[in-house]
Protein chains: 2
Amino acid sequence: MEQRQELRNAGLKITLPRLKILEILEGNQQRHKSAEDIYKELLNANEDIGLATVYRVLTQFESAGLVTRHNFEGGHSVFEIDDGKHHDHMVCVDSGEVVEFVSDEIERLQAEVAAQHGYELLDHSLVLYVKKIAGANSD
Amino acid sequence: MEQRQELRNAGLKITLPRLKILEILEGNQQRHKSAEDIYKELLNANEDIGLATVYRVLTQFESAGLVTRHNFEGGHSVFEIDDGKHHDHMVCVDSGEVVEFVSDEIERLQAEVAAQHGYELLDHSLVLYVKKIAGANSD
DNA sequence: ATGCCTGCAAAGCTTTTGCAGATGC
DNA sequence: GCATCTGCAAAAGCTTTGCAGGCAT
């Protein structure tokens with residue numbers, strides 16, 4: 001029940017919808033969820049929370065730095081708990097599976113490239129679209 | 001007037017809307033345009049072409065490999081002529097300016113990272129969000 | 001009690017689709 | 001002449017907003 005404190009720190013009142021949504025986001029199943037995904041999980045849990053509220057809460061969480069919003073291909077956004085550890089994503093085009101990874105070298109090169117063009121790197125978005133190699137172990 | 005041939009190669013009938021849209025995409029002003037941008041340019045040029053047609057044509061062009069669609073942050077797509085030369089993008093958060101760049105090293109590292117996880121790299125999307133360094137020359 | 005929060009429904013935005021008429025070949 | 005293409009308008013999909021009531025503090 002540490003979530004109450006997270007909400008408090010974010011300057012948000014502790015309400016049932018926010019607790020439930022935070023709980024779902026912290027669940028260890030799928031880390032990357034769309035608003036719709038969350039809405040469905042709430043329905044399954046018999047929580048009477050509107051889709052509009054899900055969106056509002058997610059936006060508030062984003063402003064508060066609790067979650068990160070990603071715009072993968074396909075029009076809709078997905079959200080993920082922001083634990084402070086930066087990483088990029090790899091999406092399997094067959095299964096839709098999302099794998100997180102970090103490459104310090106890529107990070108460094110990005111800053112370097114930006115600098116070469118006279119820019120300071122503020123942020124970046126890197127998504128690899130991949131496909132499982134037959135017969136390979138996935139890690 | 002080489003555009004007719006490009007359309008033909010793509011298996012598309014030569015029509016006024018397609019010619020005009022291709023022409024705009026090949027214009028040397030802004031390389032990255034949204035459907036709306038193109039629609040506005042058509043209106044300015046007094047061409048009587050509907051927005052729906054712009055979308056349809058862009059989708060056809062994309063299938064034909066004539067253009068590439070990017071989903072930068074912000075909900076709407078931008079299109080760019082596909083000249084076969086792969087590159088990534090750097091977007092200035094202040095001016096909205098878009099700079100293209102290629103880093104062979106980053107490309108190589110991406111494939112490497114994917115392989116380490118048992119995946120084959122099919123495609124990727126890399127966007128750097130940057131800010132001009134005061135007093136630096138921009139190249 | 002007060003002010004922030006929620007649910008519902010309606011609107012907003014980008015993109016897609018249906019249909020009848022127009023156009024290219 | 002026939003199939004493909006276009007314009008218009010309406011619909012679709014995701015997300016946001018307005019409003020009246022509800023809940024946390």
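Reminder, nothing fancy here: chain letters follow the sequence lines and each chain counts from 1.
- The separation between A/L12 atom CG and C/dC5 atom P is 7 Å, rounded to whole Å.
- Taking side-chain N and O atoms only, A/T15 has no distance below 4.0 Å to OP1 or OP2 of C/dC5.
- Checked against a 6.0 Å centroid threshold, the rings of B/H124 and B/H86 count as neighbours.
- Protein atom CG of A/L51 is 17 Å distant from nucleotide atom P of C/dA11, rounded to whole Å.
- OP1 or OP2 of D/dA24 has not a single side-chain nitrogen or oxygen of A/R18 nearer than 4.0 Å.
- Following rounding to the nearest Å, B/D37 (CG) and C/dT15 (C1') show an atom-to-atom distance of 15 Å.
- Residue B/E62 contributes atom CD, which lies 14 Å from atom C1' of C/dT16 at whole-angstrom precision.
- In this model, the phosphate group of C/dT14 is not approached by any side-chain N or O of B/S77 to a distance below 4.0 Å at OP1 or OP2.
- The main-chain N or O of A/S34 is found under 3.5 Å from a side-chain atom of A/D37 such that the two form a donor-acceptor pair.
- Side chain B/R56 to base D/dG7: a donor-acceptor pair is found below 3.5 Å.
- At a threshold of 4.0 angstrom between heavy atoms, the contacts of B/I14 are confined to the sugar-phosphate backbone, with no base atom among them.
- Looking only at distances, no side-chain donor or acceptor of B/T53 sits under 3.5 Å from a matching main-chain atom of B/I49.
- The interatomic distance linking A/K33 (NZ) with D/dC14 (P) rounds to 18 Å, in whole Å.
- Not one N or O on the side chain of B/R69 forms a donor-acceptor pair closer than 3.5 Å with the backbone of B/E62.
- The nearest whole Å value for the distance from the CD1 atom in B/I38 to the C1' atom in C/dT14 is 14 Å.
- The nucleotide whose nearest atom lies closest to any side-chain atom of A/K13 is, among C/dC8, D/dT6, C/dC5, C/dC5.
- The pair A/R31-A/E80 meets the salt-bridge criterion, with a side-chain N (NZ, NE, NH1 or NH2) lying under 4.0 Å from an Asp/Glu carboxylate O.
- Following rounding to the nearest Å, B/N71 (CG) and D/dG13 (C1') show an atom-to-atom distance of 15 Å.
- With D/dC8, C/dC8, D/dC5 as the choices, the nucleotide that has an atom nearest any side-chain atom of A/D48 turns out to be C/dC8.
- Note: CG (B/L43) to P (D/dG7) measures 11 Å, nearest angstrom.
- When the side-chain nitrogen and oxygen atoms of A/Y55 are compared with OP1 and OP2 of D/dT16, none of them lie within a distance under 4.0 Å.
- Nearest to the side-chain atoms of B/R8 among the listed nucleotides C/dC5, C/dT16, C/dC25 stands C/dC25.
- Nearest-nucleotide positions on DNA chain C place B/F79 closer to the 5' end than the other of B/F79 and B/L16.
- Residue A/I49 is classed as a sugar-phosphate contact, given heavy-atom separations below 4.0 Å to backbone atoms only.
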